[in-house]
Amino acid sequence: MKIGILGGGQLGRMLIQEALKYDDEFYTLDPASDAPCHNISHFTQGSFNDFETVLNFGQGKDVVTIEIEHVNADALAELENQGIKVVPNSQIIKIIQQKILQKKFYEENNIPSPEFEIMDGSSDEIKMPLPFVQKMNTGGYDGKGVQVIRTNEDMKNLWIQDSVLEKLVDIDKELSVIVAKNENGETQTFPVTEMVADPKLNLLDFNICPVHLTEDIENQIYAITDKFLAAVNSPGLFAIELFLDKEGKVWVNETAPRLHNSGHQSQEGNANSQFEQMYRVVKNLPLADTDAIIYSGMLNLVGAEGFSGKVIYEGMEEVLKLPETYIHLYGKTETKPGRKMGHINVLADSREELMEKLIQVKAMVRVIA
């Protein structure tokens, strides 16, 4: 099959790397000439936001998918009209890429999500009591387009644009669960992972699987995944980011209609990875076994503060000496502060051992220039 991917970043790269054991042709579209997929696919440099560019890119493909949601969904709808398969479909991409529509989707389908108010970009009149989170309607990514408004003093920073104002949750843990659905309606859910964020960069720092949760919390999560998969009228792989509050209630933070950073540890820690699963969804094959086979964790390799330029991975040789430790680099030649350059997966026999290893590896590596 000729498989087109909108976006040529690391998620597309790892999907293609996993799928190279099968027989397909991969085509990618990305604005950056040196995108991570440029040398492992039939690469087109261009904007995945431009209607005509996306339409032209999709011609002649058996299926078109995405590795980033900020794409031209109208062009994908037109490709569907022309008989080209789009996974996930343009309708769910359009809902998820707009925070306002995403929140309404949860509300309509009784999926628990924090209380919210829609802010019209024409006015700063709001009813939401402090503290709250403001999420821009479109374009937010990796902590961008999101801010916490805690005090009256913070109100001066309020963005006067279309956005969602969301009640601030008293978070105990941030969790993620990756679900998949193929065209036949078959579904599969990965084990829940815990996300530990870097408070400064607002990026994922560690990812840990499996998570020790009470039966009640697990039941809440599986009720959410069941409702989501029933409501999503589309094949696809979706990452559902969750908050567990201090009272033991689970809330949906947001959903990504694609492969996700919180699933990287599945490459070595699960019977099959999220990338294998995504390939099977795109091809409408039987879905893969997702069982966790051992404790696994992931550490993001992020550009260090104060360094921009040709990347140097300091301490990598020492990491390569460690057992059950796996390096995944993204093929990005230039580093800058906070840029995701790769990740390292670690396996262990217990959560305690896993955390020790992740902290040890984090102390050993620096991404500099």
Side-chain angles (χ1 to χ4, degrees), residues 69-70 73 88 91-179 192 195 197 199 202-204 217 220-234 236 238-258 260 262:
E69 58 267 46
H70 305 302
Q91 182 188 10
I92 195 64
I93 292 172
K94 195 170 278 192
I95 288 169
I96 290 176
Q97 69 186 189
Q98 297 181 58
K99 292 289 192 296
I100 292 170
L101 294 181
Q102 193 180 144
K103 290 290 286 190
K104 287 180 176 177
F105 172 82
Y106 301 143
E107 192 174 46
E108 286 161 11
N109 291 287
N110 296 312
I111 295 169
S113 179
E115 188 183 321
F116 72 101
E117 177 185 328
I118 294 166
M119 180 173 168
D120 182 337
S122 64
S123 167
D124 63 355
E125 285 184 29
I126 61 168
K127 299 190 183 89
M128 178 64 68
L130 296 167
F132 60 82
V133 180
Q134 182 178 25
K135 298 177 177 179
M136 276 199 248
N137 187 40
T138 58
Y141 192 68
D142 272 351
K144 300 176 182 71
V146 178
Q147 63 173 341
V148 180
I149 305 292
R150 295 181 187 277
T151 64
N152 288 322
E153 179 67 16
D154 290 339
M155 285 294 289
K156 69 177 189 296
N157 300 321
L158 196 72
W159 298 315
I160 310 303
Q161 55 184 287
D162 291 354
S163 54
V164 167
L165 309 181
E166 194 174 86
K167 185 178 177 181
L168 189 65
V169 174
D170 193 9
I171 298 169
D172 181 42
K173 284 186 172 71
E174 292 193 49
L175 306 170
S176 175
V177 62
I178 290 175
V179 300
V192 179
M195 302 185 290
N202 204 15
L203 287 175
L204 186 60
I217 291 165
Q220 288 183 63
I221 292 169
Y222 294 128
I224 286 168
T225 60
D226 288 349
K227 284 179 180 177
F228 181 86
L229 287 165
V232 167
N233 188 26
S234 173
F238 303 90
I240 306 172
E241 294 182 51
L242 307 162
F243 294 139
L244 172 63
D245 73 18
K246 300 226 168 121
E247 293 177 0
K249 169 91 173 147
V250 178
W251 306 91
V252 174
N253 174 23
E254 57 188 44
T255 303
R258 55 167 170 80
H260 197 259
S262 66

task = Over all heavy atoms of both residues, which pair between K104 and I118 is shortest? Give the atoms and the distance, please.
result = CE-CD1, 3.4 Å
task = Inspect the surroundings of CG in N157 and state if more than 12 heavy atoms from other residues, nucleotides or ligands are less than 6.0 Å away.
result = yes
ask   = Is the shortest heavy-atom distance from the side chain of L168 to the side chain of R150 under 4.5 Å?
value = yes
query = Does the side chain of I149 reach to within under 4.5 Å of the side chain of L158, using non-hydrogen atoms?
reply = yes
inquiry  = Any heavy-atom pair between the side chains of K99 and D162 that's under 4.5 Å?
reply    = no
ask   = Which atom names give the shortest non-hydrogen contact between F105 and A231, and what distance separates them?
value = CZ-CB, 3.7 Å
key: side-chain contact (heavy atoms from CB on, under 4.5 Å) partners of A230, counting only residues at least two apart   = none
remark   = Here the pair of heavy atoms bringing P257 nearest to P88 is O-CG, 3.6 Å
Sequence-distant partners of E153, side-chain contact (heavy atoms from CB on, under 4.5 Å), two or more places apart = T151, K156
key: Heavy-atom side-chain contact between F116 and K103 under 4.5 Å   = yes
Close side-chain approach of M195 and L175, heavy atoms under 4.5 Å = no
task = List the atom of K227, the atom of N109, and the distance in Å for their closest heavy-atom pair.
result = CD-O, 3.8 Å
message = Any heavy-atom pair between the side chains of L242 and S176 that's under 4.5 Å?
response = no
query = Do V164 and M136 pass the side chain to side chain contact (heavy atoms under 4.5 Å, CB included) test, and can you show the C-alpha distance, the side-chain angles, and the key distance before you say yes or no?
reply = CA-CA 6 Å; V164 167; M136 276 199 248; over 6 Å; no
request  = Kindly compute the distance separating CD (Q97) from CD1 (I92), expressed to the nearest 0.5 Å.
outcome  = 10.5 Å
key: K246 with D170: basic N within carboxylate O range, under 4.0 Å   = yes
note = Sequence neighbours excluded, the answer for side-chain contact (heavy atoms from CB on, under 4.5 Å) partners of L101 is I95, Q98
ask   = Within a strict 4.5 Å, meaning less than it, do heavy atoms of the F132 and I126 side chains meet?
value = yes
ask   = Can you tell me how far the OG1 atom of T225 sits from the CD1 atom of I221, to the nearest 0.5 Å?
value = 8.5 Å
key: side chain to side chain donor-acceptor pair (under 3.5 Å) against Q102, all qualifying residues, sequence neighbours excluded   = Y106
request  = Write out all pairs satisfying side-chain hydrogen bond (donor to acceptor under 3.5 Å, both in side chains) with one or both partners inside residues 130-139, taking only residues at least two apart or from two chains.
outcome  = Q134-Q147, Q134-S163, K135-E166, K135-N253
ask   = What residues form a side chain to side chain donor-acceptor pair (under 3.5 Å) with D245, not counting sequence neighbours?
value = W251
inquiry  = Taking ring-ring contact (aromatic ring centres under 6.0 Å, His included) as the definition, give me every residue that meets it alongside F238, ordered by chain and number, with sequence neighbours left out.
reply    = F228
Residue list, side chain to side chain donor-acceptor pair (under 3.5 Å) with E174, at least two apart or on another chain = none
message = Applying side chain to side chain donor-acceptor pair (under 3.5 Å), can you list everything that pairs with K173, at least two apart in sequence or on another chain?
response = none
key: Closest contact, heavy atoms only, V148 versus D154   = O-OD2, 4.2 Å
key: Whether Q220 side chain and G248 backbone form a donor-acceptor pair below 3.5 Å   = yes
key: Where V252 and P114 come nearest, the two heavy atoms and their spacing   = O-CD, 3.3 Å
ask   = Is the shortest heavy-atom distance from the side chain of E241 to the side chain of S262 under 4.5 Å?
value = no
query = Going by the salt bridge (Lys or Arg N to Asp or Glu O under 4.0 Å) test, which pairs reach into residues 108-117, not counting sequence neighbours?
reply = none
